[in-house]
There are 2 protein chains.
Amino acid sequence: MTALSDPGKPALPLHVQIRRDLEDQIRSGVLMPGQKVAFEHELMTVYNCSRMTVNKAMSALSAAGLIERRKRAGTFVKLPRLDSTVIDIPDIQIDITARGESYGFELTERRVRTAVTAKERELAGEDGRVLCLTGLHLASGKPLAVEERLINLAAVPQAEAVDFSHMSPGHWLLEAVPWTQVENEISATEADAELTRRLGIEKGQACLVLDRRTWSGPERITTVRQTYDGTRYRLVAHFDTLRRSAPRP
Amino acid sequence: MTALSDPGKPALPLHVQIRRDLEDQIRSGVLMPGQKVAFEHELMTVYNCSRMTVNKAMSALSAAGLIERRKRAGTFVKLPRLDSTVIDIPDIQIDITARGESYGFELTERRVRTAVTAKERELAGEDGRVLCLTGLHLASGKPLAVEERLINLAAVPQAEAVDFSHMSPGHWLLEAVPWTQVENEISATEADAELTRRLGIEKGQACLVLDRRTWSGPERITTVRQTYDGTRYRLVAHFDTLRRSAPRP
DNA sequence: CCAATGGATATGTCTATACATTATCAAAAA
DNA sequence: TTTTTGATAATGTATAGACATATCCATTGG
């Protein structure tokens, strides 16, 4: 067995290597925002490769928003903007189990009805049928979040036959019905009487609210509001500019 | 003047056109998650171009996470995951003016001190000097958010000379000191006595909290907590899977 | 002194080709 | 039947060259 290449380094493609090198220089501060990056023909000689290979690396960084390229002038590290960063909003069940707690779901109410409220009609249209589910997400046995969900039965007819009494509808939907678009909204609210009772928290406590609407193509799938106990759980968003670029292995 | 090409359509590059077409098909539901996308050689004949051009379009979509490519098998629309979506968290000043309200900042407290608390030491290190600013963001003259900020004077010495009495420190920093990394955290809290007084809201009201830490290369720049009035302002996050792909003009 | 012009240059796009890599499928061997 | 083997087909990577496009910069003309 001759070791032609280190098995730990499975011969990373050259354009990936170039991209990584530049990324590292930006991340470490060797290349600061506004500073000029080497020309393509310079990197060509450094890496001893063709311009297309350098171009592929640079184009990827440009698409990721890390650098800016101007004809004749050259390439520069981009001044980052504070908007458009990446955030993780995981499925609540996955999130809870990931932090080592046991997950449970408890269905409180289940109704099938014709769309009447504005919210329901936005989802299912005039006279569409809607599955209304209300339940509780439990972390280590304790209530963590209240969920109020509407499912468009025209788009997901098989949902009507599913027993959600101990299964997270969101988790089921995630696997059963692939979506193509999502809209989320994060807000804060004060716990009203009902939240107080259902989450077992004090009246008036701050809660984090996550509203989510999903589509599958042109069709609306579901609308959900998850209200979290603000003290026990924080909908933590952890992000980082360079994550816009491809993740490392 | 012969109209070789519509001036409204400035001859979009072919690989961009191909990417857009596929994006549109995914967005509209013509191509559903899991479904097979045409082979490269098929798109070659459709668009009458070389394989490299098709490959560029497909690679971009793959990098954006919209499709999955498997050798020999082909290309498929990816099943979306609920995490890692794109969110806009704009600078508060820009955000307020963008929604047509007038913006104002009012400095409440300004101190230069040696790092003593854990938070300060995390920013400036042992015995580092820190600029502590506390202020109020005003939208249309009314308090909207309280800001508590620490600036690492070792990294940003020029901040000590700046008059922040009516200027948002965050906005100044954004232009004065380019950063390379950010970490954010969103949480909810109940308004305590001080928040109640400073924001002019009722005691116990729910507030949205945004904690942010920025780096410039290996160096820490600033730590800030912005606490928003939960009723008047919602830190609204609006996102969409396909935004991972490049934005449209 | 300022404006217009044009050349030089770096990036953008595209082609045609080559070979590498890998998963699939079918035929051959056990 | 099960396993192995090998051909095949798809993507992945890389090349060299060509032309397009935008813009910086110096030279020229007013």
Side-chain angles (χ1 to χ4, degrees), chain A residues 4-7 9-22 31 34-78 245-249, chain B residues 2 4-22 31 34-78 245-249:
Chain A
L4 282 174
S5 62
D6 192 334
K9 298 173 187 173
L12 218 52
L14 190 50
H15 73 267
V16 176
Q17 186 61 54
I18 297 172
R19 183 160 59 77
R20 269 184 54 161
D21 287 353
L22 292 172
L31 281 173
Q35 233 178 306
K36 200 179 82 62
V37 181
F39 294 129
E40 290 189 347
H41 66 261
E42 290 173 327
L43 292 177
M44 265 174 81
T45 63
V46 169
Y47 289 94
N48 191 35
C49 65
S50 78
R51 189 167 76 91
M52 281 302 289
T53 304
V54 176
N55 187 278
K56 187 163 189 172
M58 306 271 268
S59 296
L61 288 175
S62 178
L66 265 75
I67 59 176
E68 193 188 340
R69 317 199 73 196
R70 291 207 312 275
K71 285 167 185 171
R72 175 68 212 253
T75 302
F76 303 86
V77 181
K78 209 171 181 179
S245 180
R248 296 292 177 82
Chain B
T2 55
L4 283 175
S5 63
D6 192 332
K9 299 172 186 173
L12 218 51
L14 190 49
H15 73 266
V16 175
Q17 186 61 54
I18 296 172
R19 183 159 61 75
R20 269 184 54 159
D21 286 353
L22 292 172
L31 280 172
Q35 233 179 305
K36 202 178 80 62
V37 181
F39 296 129
E40 290 189 347
H41 66 262
E42 290 174 326
L43 292 176
M44 262 174 84
T45 63
V46 169
Y47 289 96
N48 190 34
C49 65
S50 78
R51 189 167 76 89
M52 283 302 291
T53 304
V54 175
N55 186 278
K56 186 161 190 173
M58 306 271 268
S59 296
L61 287 175
S62 178
L66 285 164
I67 61 176
E68 193 188 341
R69 317 200 72 195
R70 291 207 313 276
K71 285 168 184 170
R72 177 68 213 252
T75 302
F76 303 85
V77 180
K78 211 170 183 178
S245 181
R248 296 292 177 82

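Below, chains carry the letters A, B, ... as their sequence lines are ordered, and counting in each starts from 1.
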Keeping to residues at least two apart or across chains, list the salt bridge (Lys or Arg N to Asp or Glu O under 4.0 Å) pairs with something in residues 55-64 of chain B.
-> none

Please list, one pair per line, the donor and acceptor atoms closer than 3.5 Å that link side chains of residues 36-44 of chain A to other protein atoms, with sequence neighbours excluded.
{"from": "Glu40(A)", "atom 1": "OE1", "to": "Arg51(A)", "atom 2": "NH1", "distance (Å)": "2.7"}
{"from": "Glu40(A)", "atom 1": "OE2", "to": "Asn55(A)", "atom 2": "ND2", "distance (Å)": "2.9"}
{"from": "Glu40(A)", "atom 1": "OE2", "to": "Arg69(A)", "atom 2": "NH1", "distance (Å)": "3.0"}
{"from": "Glu40(A)", "atom 1": "OE2", "to": "Arg69(A)", "atom 2": "NH2", "distance (Å)": "2.9"}
{"from": "Glu42(A)", "atom 1": "OE1", "to": "Phe39(A)", "atom 2": "N", "distance (Å)": "2.8"}

For DNA chain C, note the earliest and the latest nucleotide, 5' to 3', having some atom under 4.0 Å of a heavy atom belonging to chain A.
-> dG7(C) to dC14(C)

For residues 52-74 of chain B, the ring pair (Phe, Tyr, Trp, His ring centres under 6.0 Å) pairs (sequence neighbours left out) are none

Value rounded to 0.5 Å, distance of CG in Leu31(B) from CG in Leu66(B) | 11.0 Å

Rounded to whole Å, how long is the line connecting atom [atom1] of [X] with atom [atom2] of [N]?
X	N	atom1	atom2	result
Ile67(B)	dA10(D)	CD1	P	16 Å
Asn55(A)	dT13(D)	CG	C1'	14 Å
His41(B)	dG12(D)	NE2	P	15 Å
Gln17(A)	dA14(D)	CD	C1'	15 Å
His15(A)	dG12(D)	NE2	P	10 Å

With sequence neighbours excluded, tell me which residues meet side-chain contact (heavy atoms from CB on, under 4.5 Å) with Thr45(A).
-> none

Hey, does Ser59(A) reach any base, or is it just sugar-phosphate, or nothing, if we go heavy atoms under 4.0 Å?
-> nothing

For Glu68(A), all residues meeting salt bridge (charged side-chain N to carboxylate O under 4.0 Å, His left out), sequence neighbours excluded = none

With sequence neighbours left out, the residues meeting salt bridge (charged side-chain N to carboxylate O under 4.0 Å, His left out) with Arg72(B) are none

Given protein heavy atoms under 4.0 Å, the one-letter contact record of nucleotides 15-22 of chain D, with B base, S sugar-phosphate only and - none, is simply BBBB--BB

What residues, two or more places apart in sequence or in another chain, satisfy ring-ring contact (aromatic ring centres under 6.0 Å, His included) together with Phe76(B)?
-> none

